[in-house]
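A short write-up of the structure that comes next.
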Amino acid sequence: MISLSNLLDYLAHIDNRSNVGPSCCMTILSEIRSNPMFWLTFTTINKHIQICYVFIHDIYEYCIFMIHNGHASFYDYFSDEEGSILNSHFSNANSPVFAIITPKQVDRGALMARYSRTDKTMRRIFLDEFAKNPNRGEEFYKRILLEYGDDSVAELGEAQVAIEWVSNIASKEIEDHRIGLSYLEKSSRYVAFDQKVNGQYKYCREERIMSSSHADRYLQTCDNAFDVYSKNIQPMQRFISEIDPIDRFFFFDSFSKRDISYNNLKSEKDIESARRIYNATIKAKSLDVLRGLLPASTLTNLAITGNGRAFEYLLSTMYASKLNEVKNLAEQLHTELNQVIAAFVRRANDKYGRSLQSYLANTRSAISELVQHHIKNIELDEETTRSVKLINFEDNIDAEVKIVSAILYEHAKGQSLGKIIKYTKSITPEDRHKIIQTYTKFRTNRRHRPGRAFEMVEYTFEMLTNFGMFRDMHRHRILTLERQLLSTRHGYDIPAEVIDLDIVKDYKDCMYKSNEVYEIISKNMPEEAQYVVNFAYKYPYFIKINLREACHLIELRTTPQGHQDYRDICQKMFGQIKLVHPLLAEEMKFVDLNKYELERFNAEKNVEKKRSELH
């Protein structure tokens, strides 16, 4: 019996190894329709060859597929032997859409890069070049990157890495790199930092500080911060439980299939589920309140996914850092990336990388010296209570005209942007508003982001928030963020729960000691002095953000389960946008301006619901 693949092999052979195209399929289909027997004679193709016992249905379905895909004649054809090779490196060998699963990242990137210089398909390139030469990918990147300097091809390879036991100072410097890298970091909300390893709290013993006369006071200050944090976790949980006891809340009842009060639950399973939800919520709230005590030296874990080009630049900038911790991490990270994407990061510390490092260091040094001449003439702002200030924004009408013009331009029939802007200025405010409102009319949740026209309007906010909250805002990458060195000069936040639990003296004493040591260390080591500063201290930075990203950020960060610090900040950002652009602010439809006592409660209920559905 002859299989479909045998038939296609034959047909491809008589057609000079070109694929079985639509015309050929029409011939086959015509024969099948006129003679629905298991015996087929393709006399129109080759009258001397008879093909027997062919699976008519398989051929029929294949022919229909090929005819409906008119471009099918351009597809590659692979023999059974070639297909068996390809199946180990691609998700399939017979469809124009496939995943690249070949194990070496360098080969994946090189295969994609070859598209720009050949008419061959990727799988044919693999068979012709890579299957025969296991070093083809490395050779390709060595030639392209080193000889031609084509950086873009380095974006075609990716790596996933983990950096553990890294301080919050170093992790923020790493996360300053926004493009081509995605981060996931250990949470101070879900993980307590009270455990010791070999009798020591988990914070960075910074190299320069530890080799200086400041070592003892640095250790004492960090230990004290962790002591105050650790000893108050359980008291804070009990305190919050007393304020918001479990019997005040409603949980899912498996009998009535609705939420009822905790005291009315009958099922042991439901009661256990309710306690799990409640305890997770209380723990998260307690850790949220106390995280301000943690010093910036606190060690965290950081996972990074990124492309080779981004990693190469990250490494070069890390090598150029003023912090020894970051430089040491650069060496370790480079070593590990060499195990997986060596070809992509080869230049991070060679003559090209060192040239970039010199550029960065020299610019930083020269600008620092020049800035000191000017900055001394600017008075310090004594106001430390205003956490958000809208510094730059556009006239309301100009902002609306920009957005409407962008919307019209996308659907124009060849009209120039200049004429569209002129027209938009001439229409009535009512017509302008109708266009904007229609543009966002069908948003039903925050994930339905407004279109790119909203990127035409920008805002600059100056922020003065505690460092713990800055870490949350720092994760947003589609914006411009500039920040100063972390210090103690702007004061610190005290959560209301710290006052209510009557631990404010310990809290203030901790801040006082940190400030005292910071002032001493910062005289000669301002970068290293950051390590001793607590998360509660206020931190100055500014962000420049377009309306589309502001919509995403504010709607996301005001959801009920968010930390109250950034919920408050983002609510204020929304309020200031609303003052200057009232109609545009209305299109942020999912900003939550409410306040919640236990922010994580409903989120934990949803988690528990999904957990129960899985079981």
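Take Phe590 and apply the side-chain contact (heavy atoms from CB on, under 4.5 Å) test, not counting sequence neighbours, and it matches Arg443, Arg446, Glu555. A search for side-chain contact (heavy atoms from CB on, under 4.5 Å) contacts involving Asp119 returns nothing, not counting sequence neighbours.
Cation-pi geometry between Arg346 and Phe344 is not met: the NZ or CZ atom fails to fall both under 6.0 Å from the ring centre and inside 45° of the normal. For the pair Arg123 and Phe98, the cation-pi test (distance below 6.0 Å, angle within 45°) is passed. Tyr566 carries Arg557 over the face of its six-membered ring, with the cationic atom under 6.0 Å from the centre and within 45° of the normal.
With respect to Glu527 and Arg208, no salt bridge is recorded, no charged nitrogen being found less than 4.0 Å from a carboxylate O. For Asp288 and Arg291, the salt-bridge test fails: no basic side-chain N is under 4.0 Å from an acidic carboxylate O. Classification of Glu272 and Arg276 as a salt-bridged pair holds, one side-chain N sitting under 4.0 Å from a carboxylate O. The existence of a salt bridge linking Arg124 and Glu82 is confirmed by a sub-4.0 Å separation between a basic side-chain nitrogen and an acidic carboxylate oxygen. Between Glu175 and Lys172 there is a salt bridge, since at least one side-chain N of the basic residue sits less than 4.0 Å from a carboxylate O of the acidic one. Lys589 and Glu587 are joined by a salt bridge, as a carboxylate oxygen and a charged side-chain nitrogen come within less than 4.0 angstrom of each other.
Close placement of the Phe601 and Phe251 rings is indicated, their centers lying within 6.0 Å of each other.
Atom CD1 of Ile554 sits about 13.0 Å away from atom OG1 of Thr559, to the nearest 0.5 Å. Taking CZ from Arg178 and CG from Leu481, the interatomic distance works out to 8.5 Å, rounded to the nearest 0.5 Å. To the nearest 0.5 Å, atom CG of residue Leu323 and atom CD of residue Glu173 are 5.5 Å apart.
Residue-environment remark: OH (Tyr190) exceeds the threshold of 12 foreign heavy atoms within 6.0 Å. When the shell of 6.0 Å around CZ of Arg452 is examined, it contains 12 or fewer heavy atoms from other residues, nucleotides or ligands.
Between His89 and Phe126, the two ring planes are tilted [angle within 30° to 60°].
One side chain, His334 or Tyr319, offers a donor N or O that lies under 3.5 Å from an acceptor on the other.
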